[in-house]
Student: 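Quick one: the structure is below, and I'll ask about it shortly.
Below, read A as the first sequence line, B as the second, and so on, with proteins coming before strands; counting in each chain starts at 1. All values below come from the heavy atoms of this structure, side chains included, with hydrogens, waters and symmetry mates left out.
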Amino acid sequence: MFIADIKKDFYDVVANQRVALLVAADIDALCACKILQALFHCDQIQYTLVPVTGWQDLSTAFLEHKEQFRYFVLINCGANVDLLEMLQPDSDSIFFICDTHRPVDVVNVYNDTQIKLLIKEDDDLGVPTYDDIFRDEDEEEGEDSGNESDEGSEPSGKRRRFDEGAIERRIERQRAKRQWEARRREILFDYEQYEYHGTSAAMMFFELAWVLTKDTKDMLWWAIIGLTDQWVHDKIPHMKYVSDIATVQRHVSRHNHRNEDEENSLSIDCMRISFEYDLRLALYHHWSLYESICNSYYTACSFKLWTLKGQKKLQEFLADMGLPLRQVKQKFKSMDITIKENLRDVIEESSNKYGMKDIRIQTFGVHFGFKNSFLASDMVHAAAALLESTERDENDPTDNFIKALDALSRSHLDRLLSGIDLAKKKLIAIQQTVASCICTNIILSQGPFLYCYLMEGTPDVKLFSKPLALTLLCKYLLTAFIHSTRNKRCKLLPLIMAAPKDVEKGTVIVVGIPPESETSDKKNFFGRAFEKAAESTSSRTLHDHFDTSIIELKSEDRSKFLDALITLLS
Amino acid sequence: MKRNDGCDGLTGISSWFQEDGLRQVLQEMEALYEQNQADVSEAKAAGRADLIPSIKLRHCCLLRNQRCVVAYLYDRLLRIRALRWEYGSVLPANVRFHMSAEEVQWFGLYKKSLASFMRSIGGQEGLDVTQDMKPPKSLYIQVRCLKDHGEFEIDDGTVILLKKNSQHFLPRWKCEQLIRQGVLEHVMS
């Protein structure tokens, strides 16, 4: 059931208890977790934090901890399946689920005792009404069985008439029941067909902190990072991002109120969050402007930097703005101050000429100390790179989780900086892979969708065995493809990408993303499609990830799985 | 010359009590002493002044060996004393394995003396000074588990599963032992 008052129904309930936090492996969940941890520290609520990377992990963690804990808080996992059936908990375990995955499973919505959803009810949910899906079967059966027992005996005249009436009623009831069931199936199919994401979990917990008046700038910053993560990884449509930014902006101005005074200005070491209408160039403050332009998907795809013509256009663009190459290729922090002053406006003006209308995006930045200033998207890229780093061979995913969690706090700047370095490498790798894919034309149109397979020998292919990195690559590849192809029909197709996941076991990871469009609502139907295709071909798949559009598949079953998908979707 | 300060490692006893090494050194010292004795009596009797430098040299060697041996023994004792503060009154078996019988006895005596001291201060029940080595800032601390430690029971009877890379928020006094042992790590955010 949905929680109405988050303070009374969630926080006060767990206030004197011990809680188990099961947190999924994405940046929004990490930020939400940090906010909740900070709140728990304030009120000395004992907890245990366990990172989980998939459904199996979740079940294992639950089994291990179910003896010791009664209250479980699930962050960014658990809303979109029937949790009680999956975990089989005892009747006194209570689950608080704060998850951005939609649609929320109907059983979770209508369970009143064990499942409490920390989700706003008006959040574009469209849950079917109770009567449409559930029905009290008991009365029906009583009447039916009563009638059936009459059937056996020899009917006399009167009873025959009575029975005919009864039989007719029964047939009528059965027909109504079948109709109701067909309608129910249809409603559920429509409801569960598309997968999408709701409001960020970090923002949800920030609101809890605000209601408790225990919110701090750190928590606000984490909420901002959680929201930006949803935007960077393309989980929410642009309109929702803008409206969420407006919500956050109110909190930011509330927190910045104290800085207005000239006389009592705060020390430079204090944390300041500011609204920035900044450029959509990834990591450009920590890189050189040139590198950032080459490796951000927006600019790289608009210029088509994998072609010679594109490179020339970029040079023209820089010349048009009057930026000398030497300045542009050196570290941003050492760039000439006179150039940096009006950089954003100058770039916006020039990019309008080159067809990039949205080079600027509303976001937030943080400053603490003289040297440290970061944009929210920088932190998202850094944390995501740390979370999925493949630097050392046997990287325990929980190790990476801890590293990424550390990088988000201000006292571990060295982690954050190493994360930024990893993110740079990741972006370069993505750009190079995109360039090679487009140039070698390995994106094939399979009819209802586009398909691309990364061969095993591709450089940096290990990087793309992780879901977040592969999703980012997918998105960039699709944008690049749309810019480079002439086929009008192909521009409206979704993209499925497969990359080798584990060479020894012979599995590939398959990701599907919805088609790219201006007003896309980011609703993804590949979850259900993958399930059905796997069933129909009995391919060996593992639907372990919390996003149903990301699965693991045995390499040998790849072609028949694809064929099934093609037939399913055409 | 053998160096006997072979106790490597930062804390604790990581190598066995070098009985053989010590015995060799003592034998060497005895041999040197014998030679010195012989030379001294010869020097006195036959008036050979040229033996004096060699006597002096051997004497220096003897003194040095003595210093080394004493330093070794003393260093081990200091480490054993630190073990009481780190591990508590019961030493794990693998540490006790490395100690000689005399060292174990010394440890017992030290424990007794520390316990009587603790009983004497702090009023009726005494004060456990081995807790709270650093001034505590809060009742509960956030700890991260560095290795799989299995189940861990805290005061109110609840059991916590310490799995690698899980984080917990627990009462400080229960965690201190495990932090010192390196199973948990205090996380400051």
Student: For the OG atom of B:Ser166 and the CD atom of A:Glu64, what is their distance to the nearest 0.5 Å?
Tutor: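 B:Ser166 atom OG to A:Glu64 atom CD measures 9.0 Å (nearest 0.5 Å).
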Student: Atom CG of residue position A:Asn16 - does it have more than 12 heavy atoms of other residues, nucleotides or ligands inside 6.0 Å?
Tutor: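 Atom CG in A:Asn16 is not crowded, with 12 or fewer foreign heavy atoms closer than 6.0 Å.
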Student: What distance separates A:Phe401 CZ from B:Gln167 CD, expressed to the nearest 0.5 Å?
Tutor: 8.0 Å
Student: Rounded to the nearest 0.5 Å, what's the gap from NZ on B:Lys164 to CG on A:Asp399? Could you check?
Tutor: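 If I round to the nearest 0.5 Å, the distance is 4.5 Å.
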Student: Identify the two heavy atoms, one from A:Phe40 and one from B:Phe169, that lie closest to each other, and give their separation to 0.1 Å.
Tutor: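 Answer, listing the atom of A:Phe40 first, then B:Phe169: O-CE2, 3.7 Å.
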Student: Would you give the length of the straight line joining atom CZ of A:Arg18 to atom CG of B:Leu170, rounded to the nearest 0.5 angstrom?
Tutor: 7.5 Å
Student: By a 4.5 Å heavy-atom criterion (distance strictly below it), what part of A:Glu67 contacts chain B: side chain, backbone, both, or neither?
Tutor: neither
Student: Hey, what do you get for CD (A:Gln44) to CD1 (B:Ile141), rounding to the nearest 0.5 Å?
Tutor: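 Result: 12.0 Å between the selected atoms.
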Student: Counting heavy-atom pairs under 4.5 Å with chain B, which one of A:Val19, A:Val50, A:Asp406 comes out on top?
Tutor: A:Asp406
Student: Other residues, nucleotides and ligands only: do more than 12 of their heavy atoms fall within 6.0 Å of NZ on A:Lys214?
Tutor: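 Counting other residues, nucleotides and ligands, NZ of A:Lys214 exceeds 12 neighbours.
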Student: Given side chains that start at C-beta, do those of A:Gln68 and B:Ile160 come closer than 4.5 Å, heavy atoms only?
Tutor: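 No; the side chains remain at least 4.5 Å from each other.
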Student: Could you grab the distance from atom OH of B:Tyr140 to atom CD1 of A:Ile45, nearest 0.5 Å is fine?
Tutor: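 Atom-to-atom, B:Tyr140:OH and A:Ile45:CD1 are 10.5 Å apart.
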Student: Count the heavy atoms of every other residue, nucleotide or ligand shown that sit under 6.0 Å from CH2 of A:Trp55, and state whether that count exceeds 12.
Tutor: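 Check passes, neighbour count above 12.
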Student: More than 12 heavy atoms of other residues, nucleotides or ligands under 6.0 Å from CD of B:Gln105: yes or no?
Tutor: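 For B:Gln105, atom CD is not crowded (no more than 12 foreign heavy atoms under 6.0 Å).
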Student: Given side chains that start at C-beta, do those of A:Ile402 and B:Glu185 come closer than 4.5 Å, heavy atoms only?
Tutor: no
Student: Check each atom of A:Asp218 against the heavy atoms of chain B and say whether the ones under 4.5 Å are side chain, backbone, both or neither.
Tutor: neither
Student: Within a radius of less than 6.0 Å around NE2 of B:His59, do more than 12 heavy atoms belonging to other residues, nucleotides or ligands occur?
Tutor: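 No, not enclosed.
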Student: Side chain, backbone, both or neither: which part of A:Leu405 has a non-hydrogen atom closer than 4.5 Å to chain B?
Tutor: side chain
